[in-house]
Amino acid sequence: MTPAELQAAVRAAVQACVDNGSLSVQVPDVVVVERPKVKEHGDYATNVALTLAKAAAKPPRDVATLLAAELQRADGIDTVEVAGPGFLNVRLAGEALASVVPAVISAGSAFGTNDQASGHSINLEFVSANPTGPIHIGGVRWAAVGDALARLLQASGAKVSREYYFNDHGAQIDRFARSLLAAAQGEPTPEDGYGGEYIHEIAARVLAEHPDALSAVDPQEVFREHGVELMFGEIRQSLHEFGVDFDVYFHENSLHESGAVERAVDRLRNLGRIYEKDGAVWLRTTDLGDDKDRVVIKSDGEPAYISGDLAYYLDKRERGFDRCVIMLGADHSGYVGRLMAMCAAFGDTPGVNLEILIGQLVNLVKDGQPLRMSKRAGTVVSLEDLVDAIGVDAARYALVRSSADSQIDIDLDLWARKSSDNPVFYVQYAATRAASVLRHARDLGVEPGGDLGLLTHPRENELLLALAEFPRVVANAADLREPHRVARYLEEQVAKSAQRFWDDCQVLPKGDEVVLPTAGPRLQLWQATRIVLENGLGLLGVTAPERM
RNA sequence: GCACCCGUAGCUCAGCCGGAUAGAGCAACCGCCUUCUAAGCGGUCGGUCGCAGGUUCGAGUCCUGCCGGGUGCGCCA
């Protein structure tokens, strides 16, 4: 019996009480069935009696007693107790507990998926770092979290497009081009330009490919065009090596060249959201929750940055995405109001058609000291630096295991360690142990199989309960856009229980011992554990090695 | 000044729609290996959940105010 099946059984019990007249309440659509913190409170607990007490006009414990009698009759339930203020504490029968094992094994890589988001077409925009330098640590957080979220949403049945909004238009790109040109001419970095070693490298590569660049009619344009291309190629490559590939790299420039910006502005004008003042074209966003109106077309006739956002959003909606999710760093939190207002201006619903997720900043810590970054000095900590220090798996896991709402410190010494202090190692090690015992079993000719009813050890029960949680952890993490829930679950529930199971429940014979009847069922439990760890780590973009 | 995020054990962080005695890892201390990976496991110690009110049968969780930290508030992109 899975948690979902138990929820259904609890609802059915409420329904039964309503039908037999002992309770007059509306049967709730969803009931909460959770794993109690204290194991004396059973395998699962529900507070449904507490929530229904008021409507039923009965004391919670009386409601609980009525429900307990009904629930007791459901298949797979061993005991139901009324406890505390009116909780129902449920213990499952052994077979019901073990039934998760064949369910996991037969579903395989599909175990944990759900269809709560099926029918939705979700556009996920993240990273979108300007191609004016290597991708730095701020963007990396979203590379890890965004990609994990994409996987979670796909696992929940949604159609997902990962998109990178490629800003190849505007003043920052001009500064980048000027910096390249200056470097190629052996001149110092311009006042407002970009410093750093990479500028010289890119300039040299442009020169190597276009030796006559400096004598071109517009040398800066040559460096702009080819410099952006090279920089962007590097960003794509490092993201690819990080395991993150986008379905669409959307060029801001294309919106300006295709007339999409004008169309978006016209659309808003027809909707009565546009006015003109001081020679500029404004979008009236203050009606829609923003703190000031926004200039869309500047008085010099150039489109302001937001005009690209308007056109891009409209483009996404016209491509059929019903949900657009944009992931931004904390340094962009000031944009939320205007983007939400923009969404409303088009007649859409902020929070539904457009979601904006803000990720707080990441600090890297080395030898107990934060690594300070300076863009001017060129001491930027890039994606490559992070990967060089701790590897892709550790980097992705470290970035994804905390809530994006929290600032995090990543201790490079900790994440490089090969011991259980290191969370990613701990989880991967559990996956490795699963692979190891299965491998040894094959070598010894011991087959998984046999009577799952033999899985009665407390460690086995704990692991079975942990595995059964996976589908709702996935659903919940996807729904809340919080991939860190998957990581925490893998560490605290699956890997933890698996390590304890390993420690207390020997599977294979040692030396000249005989093969015990528990060997087959325990191997199946290890198979299921391996699958959940693989699937869970897979959702985070982290590998589950066969051996360490 | 205004907006958003954060404030939970010495440190790093969880805490799902408000529910039972607030959890985990690290650090400290004490234990457990002749053969499936000790790269591990068990235990002890450790918390006025920033402060003050409020709502509630019940608040770390919701509301208000304050304190502290972070980020942002351009006809920049």
Side-chain angles (χ1 to χ4, degrees), chain A residues 30 32 34 36-38 40-41 45 47 50-51 53-54 59-60 83-87 89 130 132 167 169-175 192 252 277-282 291-292 294-300 302 304-306 308 329-337 358-361 363 365 368 401-411 414 417-423 425-426 428-430 432-433 436-441 443-444 446 472-473 476-477 479-480 482 484-485 487-489 491-493 496 499-500 502-513 519 522 526 547-548:
Chain A
V30 284
V32 175
E34 59 182 6
K37 292 166 198 153
V38 204
E40 288 68 39
H41 293 159
N47 65 351
L50 290 159
T51 63
K54 192 170 277 181
F87 289 99
N89 292 340
N130 286 350
T132 55
N167 178 342
H169 182 93
Q172 293 199 15
I173 295 295
D174 292 342
R175 287 207 279 276
D192 57 354
E252 184 190 1
K277 193 183 84 176
D278 304 332
V281 177
W282 296 70
D291 47 9
K292 55 187 74 165
R294 303 295 167 179
V295 168
V296 174
I297 307 290
K298 298 188 273 186
S299 52
D300 64 4
E302 288 293 311
Y305 184 73
I306 194 176
D331 54 343
H332 288 66
S333 60
Y335 299 172
V336 175
I358 297 293
Q360 299 299 318
L361 303 183
N363 285 310
V365 175
R401 94 182 265 271
S402 291
S403 161
D405 285 341
S406 294
Q407 287 183 47
I408 49 170
D409 290 338
I410 294 182
D411 182 340
L414 169 68
R417 223 170 279 164
K418 300 224 176 304
S419 70
S420 62
D421 310 3
N422 176 348
F425 184 87
Y426 184 72
Q428 288 182 315
Y429 185 47
T432 306
R433 281 190 150 167
S436 166
V437 71
L438 292 167
R439 195 164 52 234
H440 278 271
D443 293 346
L444 293 172
V446 182
R472 58 180 186 168
V473 169
N476 206 229
D479 194 39
L480 296 168
E482 293 186 348
H484 76 273
R485 288 174 186 278
R488 297 296 175 152
Y489 159 77
E491 281 171 43
E492 293 165 10
Q493 298 195 50
K496 184 75 188 170
Q499 302 277 25
R500 285 154 65 109
W502 172 279
D503 218 55
D504 287 354
C505 301
Q506 186 186 327
V507 179
L508 298 171
K510 300 174 180 180
D512 48 10
E513 291 175 358
R522 283 179 173 171
W526 273 118
R547 49 186 99 213
M548 301 299 283

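Residue numbers begin at 1 in each chain, while the letters A, B, ... track the order of the sequences. All of these numbers come straight from a predicted model, not from anything done at the bench.
Both thresholds, 5.5 Å between centres and 30° between ring planes, are not jointly met by A:Tyr429 relative to the base of B:G40, so the two rings are not stacked. Both stacking criteria are satisfied for A:His41 over the base of B:A20: a centre-to-centre distance under 5.5 angstrom and an angle between ring planes under 30 degrees. Here A:Tyr305 does not count as stacked on B:C76, because the ring centres are not under 5.5 angstrom apart with planes under 30°.
Residues A:Lys37 and A:Val437 both approach RNA chain B. Their nearest nucleotides, taken by heavy-atom distance, put A:Lys37 toward the 5′ side. Looking at which nucleotide of RNA chain B each of A:Ile173 and A:Gln407 is closest to, the 5′-most match is held by A:Gln407.
Here the side chain of A:Val32 is nearest to one of B:C76, B:A38, B:C17, namely B:C17. The side chain of A:Arg485 lies closest to B:G15, out of B:C5, B:G15, B:U37. For A:Ala330, whose side chain is taken as the heavy atoms from C-beta onward, the closest listed nucleotide among B:U71, B:C36, B:G40 is B:U71. Considering only side-chain atoms of A:Asp405, the nucleotide from B:C5, B:G19, B:U37 that sits closest is B:C5. You'll find that the side chain of A:Ser403 is closest to B:A14, out of B:G70, B:A14, B:C75. With B:G15, B:U37, B:G40 as the choices, the nucleotide that has an atom nearest any side-chain atom of A:Tyr426 turns out to be B:G40. Ranking B:G70, B:C13, B:A20 by closeness to the A:Arg488 side chain, first place goes to B:C13. In this structure, of B:A14, B:U37, B:G19, it is B:G19 that holds the atom nearest to the side chain of A:Asn47. Of the listed nucleotides (B:C41, B:G19, B:A38), B:C41 has the atom at the smallest distance from the side chain of A:Ser420. Taking only side-chain atoms of A:Asp503, from C-beta outward, the nucleotide of B:C36, B:G40, B:C17 with the closest atom is B:G40.
Taking atom CD of residue A:Gln499 and atom P of nucleotide B:U37, one finds them 13 Å apart after rounding to whole Å. When the C1' atom of B:A39 is taken as reference, atom NZ of A:Lys418 falls 10 Å away, rounded to whole Å. One interatomic measurement links the two molecules: CG of A:Asn422 to C1' of B:C11, which rounds to 16 Å at whole-angstrom precision. Rounded to an integer number of Å, the gap from A:Leu508 CG to B:U37 P is 9 Å. Between the NE2 atom of A:His484 and the P atom of B:A24 there is a distance of 17 Å, given to the nearest Å. Between the P atom of B:C5 and the CG atom of A:Asp331 lies a distance of 16 Å, rounded to the nearest Å. The separation between A:Lys496 atom NZ and B:G23 atom P is 15 Å, rounded to whole Å. In this structure, the CZ atom of A:Arg294 is 8 Å from the C1' atom of B:C73, given to the nearest Å.
The separation of B:C63 from B:U56, taken at their P atoms, amounts to 16 Å, rounded to a whole angstrom. B:A59 and B:C51: their P atoms are spaced 16 Å apart (whole Å). Look at the P atom in both B:A20 and B:G53: the space between them is 23 Å, to the nearest Å. For the P atoms, the distance linking B:C29 with B:G46 amounts to 16 Å, nearest Å.
At the heavy-atom level, A:Ser436 lies under 4.0 Å from base atoms of the strands shown. The residue A:Gly511 sits close to a base: some heavy atom pair falls under 4.0 Å. Contacts of A:Ala83 with the nucleic acid, taken as non-hydrogen atoms under 4.0 Å apart, include base atoms. Looking at heavy-atom distances under 4.0 Å, A:Leu361 makes contact with sugar-phosphate atoms alone, never a base. Contacts of A:Ala171 with the nucleic acid, taken as non-hydrogen atoms under 4.0 Å apart, involve only primed sugar atoms and P, OP1 or OP2. A:Asp409 comes within 4.0 angstrom of the backbone, heavy atoms only, and of no base. Counting any heavy atom pair closer than 4.0 Å across all strands shown, A:Asp278 reaches a base atom. At a threshold of 4.0 angstrom between heavy atoms, the contacts of A:Ala53 with the nucleic acid are absent. In this structure, A:Asp174 reaches neither bases nor backbone, as no heavy-atom distance under 4.0 Å exists between it and the strands shown.
Between the side chain of A:Ser299 and the base of B:C75 there is at least one donor-acceptor pair of N/O atoms closer than 3.5 Å. Not a single donor-acceptor contact under 3.5 angstrom links the side-chain atoms of A:Asp421 to the base of B:A39. Interface remark: the A:Glu302 side chain does not form any donor-acceptor pair with the B:C75 base, using a distance-only criterion of under 3.5 Å.
The pair A:Arg485-A:Glu482 counts as a salt bridge, with a side-chain nitrogen and a carboxylate oxygen less than 4.0 angstrom apart. By the 4.0 Å N-to-carboxylate-O rule, A:Arg294 lies close enough to A:Asp291 to be salt-bridged with it.
Here the closest heavy-atom approach between residue A:Lys298 and residue A:Ala280 is recorded as C-CB, 4.1 Å. For A:Ile358 against A:Val336, the heavy-atom pair with the smallest separation is CD1-CG2, 3.7 Å. For A:Lys277 against A:Trp282, the heavy-atom pair with the smallest separation is O-NE1, 3.1 Å. Contact record, A:Tyr426 with A:Glu491: CE2-O, 3.7 Å, taken as the closest heavy-atom pair. The two residues A:Leu508 and A:Glu513 have their closest heavy-atom pair at O-OE1, 4.5 Å.
Across all strands shown, B:G65 pairs with B:C51; the Watson-Crick or G-U wobble distances both stay below 3.5 Å. Taking a pair to require two hydrogen-bonding distances under 3.5 Å in either a Watson-Crick or a G-U wobble arrangement, B:G31 pairs with B:C41.
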Could you walk me through whether A:Thr132 and A:Ile173 satisfy the side-chain contact (heavy atoms from CB on, under 4.5 Å) test, starting with their C-alpha distance in whole Å, then the side-chain angles of each, then the deciding distance to 0.1 Å, before giving a yes or no? CA-CA 7 Å; A:Thr132 55; A:Ile173 295 295; 4.0 Å; yes
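Against the 90° criterion about 0, the sugar-base torsion of B:C17 places it in the syn range. Taking the syn range as angles within 90° of 0, the glycosidic angle of B:C4 is outside it, so the base is anti.
Using a 4.5 Å heavy-atom cutoff, the side chains of A:Ser403 and A:His484 are in contact.
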